[in-house]
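Any value given below was found using the heavy atoms of this structure, including those in side chains, with hydrogens, waters and symmetry copies removed. Here is how names work: the chains are called A, B, and so on, in the same order as the sequence lines, proteins then strands, and each is numbered from 1.
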Amino acid sequence: MGNSIQHLAEGVSLVASAKTWVEGKAIQQLQQTAKLIGMRQVVGMPDLHPGRGYPVGAAFFSVGRFYPALIGNDIGCGMSLWRTTLDRSKHPAEKLEKRLGNIDGPLDEDWRDSVAALDLAASGYEASLGTIGGGNHFAELQQLDEIYDSAALQALALDKRQLLLLVHSGSRGLGQEILRAHIERFNHAGLVDDSAEAAEYLAQHALALRFAQANRRLIALRMLERLRGEGAPVVDLDHNLLCRASMSGTSGWLHRKGATPADAGLVVIPGSRGDHSYLVEPVADEASLLSLAHGAGRKWMRGECKDRLSARHTVQQLSRTALGSRVVCHDKHLLYEEAPEAYKAIDSVIAALQEAGLVRLLARLKPVLTYKTCGEDCA
DNA sequence: ATGTGC
């Protein structure tokens, strides 16, 4: 097993193979972040790409203080995989799309008891619960495409006949407001261990994680109701979060920004909306800060997508993918920004993780129908 | 990313 964790500088490494495309700007951001006070170790995942000041697709370990800005605005954003009772052969994409209709708006009164049962603290963002949001968020019906470990899949009660549902969403406006208020008071200086301000942020962060997890659950339940099916969660993991951790015996803070925990059970690593997703068993390794890639990672900046693609593809063409799936995205700009070509190939990301000995593949999943947004269009 | 800005 070849080790493809590259050492870039003292405390800076990158999980990448020769085939992994990583932008220079993202590496620069990784190096800069490593210089923050108290930062001990930073690791870029193979899906590393530039963010606003700090890179996305990385884990950061600090001692003595932590940095809310590294977690970003979508605190608790994550990936939730559900098994469903929906028979894949009876549910072609067109039928799923029709039954789903428009799920952009807030949940109606019928959901009051289900929401109350989640026992969330008042946040002021209740209207966003059960909604997917924008950017790279999505909810996708998938089918099992290749099985590499049939015993593991059987143990999870997953089989090729049933559709799966993968939900990618976060804490919506709540996480955004928590970060905004934090930056207003402290800029990018971070918070010192055991300070009252640190405790305050950690309490808000905990609320945002709960909100985001509840949001993904409500999105899944809402979709299952529309599709007249039932389901249960198989995996639910955040990839934007802060936690206490111990590395080489030293206690500190582990920041994950677009990095999935490798020490909390099975992981789904999605490709773009026109690519496969993988269900993997992670290997928790301190060399990769107990983390994995959270997806394919952007290859193109959002702003350049429309110019690069509008000559090549119509909106109609982008609503169908190379894997035969449908994409519901009635926001034209977003459809271009989220086009498969704007992302790295998922196989290059998975290969780098495999070469580093960080994952064992259990199954490959294939998209059937992706829901992003209906805008004003759908019924 | 965003109960979305000029």
Between N or O atoms, less than 3.5 Å apart, protein on one side and nucleotides 3-6 of chain B on the other: list the pairs.
residue : atom : partner : partner atom : Å
B:dG3   : OP1  : A:G173  : N            : 3.3
B:dG3   : OP2  : A:R172  : NH1          : 3.0
B:dG3   : OP2  : A:G173  : N            : 2.7
B:dG3   : O6   : A:G124  : O            : 2.7
B:dG3   : N2   : A:Y125  : OH           : 2.9

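- Here the P atom of nucleotide B:dT2 and the CD1 atom of A:I132 are 11 Å apart, to the nearest Å.
- Pairs passing the salt bridge (Lys or Arg N to Asp or Glu O under 4.0 Å) check and including a residue from residues 26-53 of chain A, sequence neighbours excluded, do not occur.
- In summary, A:R298 and A:E304 do not engage in a salt bridge, as defined by a charged side-chain N under 4.0 Å from a carboxylate O.
- In this structure, A:D331 places its CG atom 12 Å from P of B:dT2, rounding to the nearest Å.
- Applying the ring pair (Phe, Tyr, Trp, His ring centres under 6.0 Å) test to pairs two or more places apart or on separate chains, those with a residue in residues 279-334 of chain A are A:H239-A:H294.
- Under a 4.5 Å side-chain heavy-atom criterion applied to ILVMFWY residues, the cluster that includes A:L14 comprises A:L8, A:V12, A:V22, A:I27, A:L30, A:L36, A:I37, A:M39, A:V42, A:L48, A:Y54, A:F60, A:Y67, A:L70 as well.
- The side-chain contact (heavy atoms from CB on, under 4.5 Å) test applied to A:S248 returns A:E286, not counting sequence neighbours.
- Side-chain contacts under 4.5 Å among hydrophobic residues (ILVMFWY), followed directly or transitively, place A:L179 together with A:I183.
- Residue A:G134 is in sugar-phosphate contact alone, with no base atom involved, counting any heavy-atom pair closer than 4.0 Å across all strands shown.
- One can place CG of A:N73 at 7 Å from P of B:dT2, the figure rounded to the nearest angstrom.
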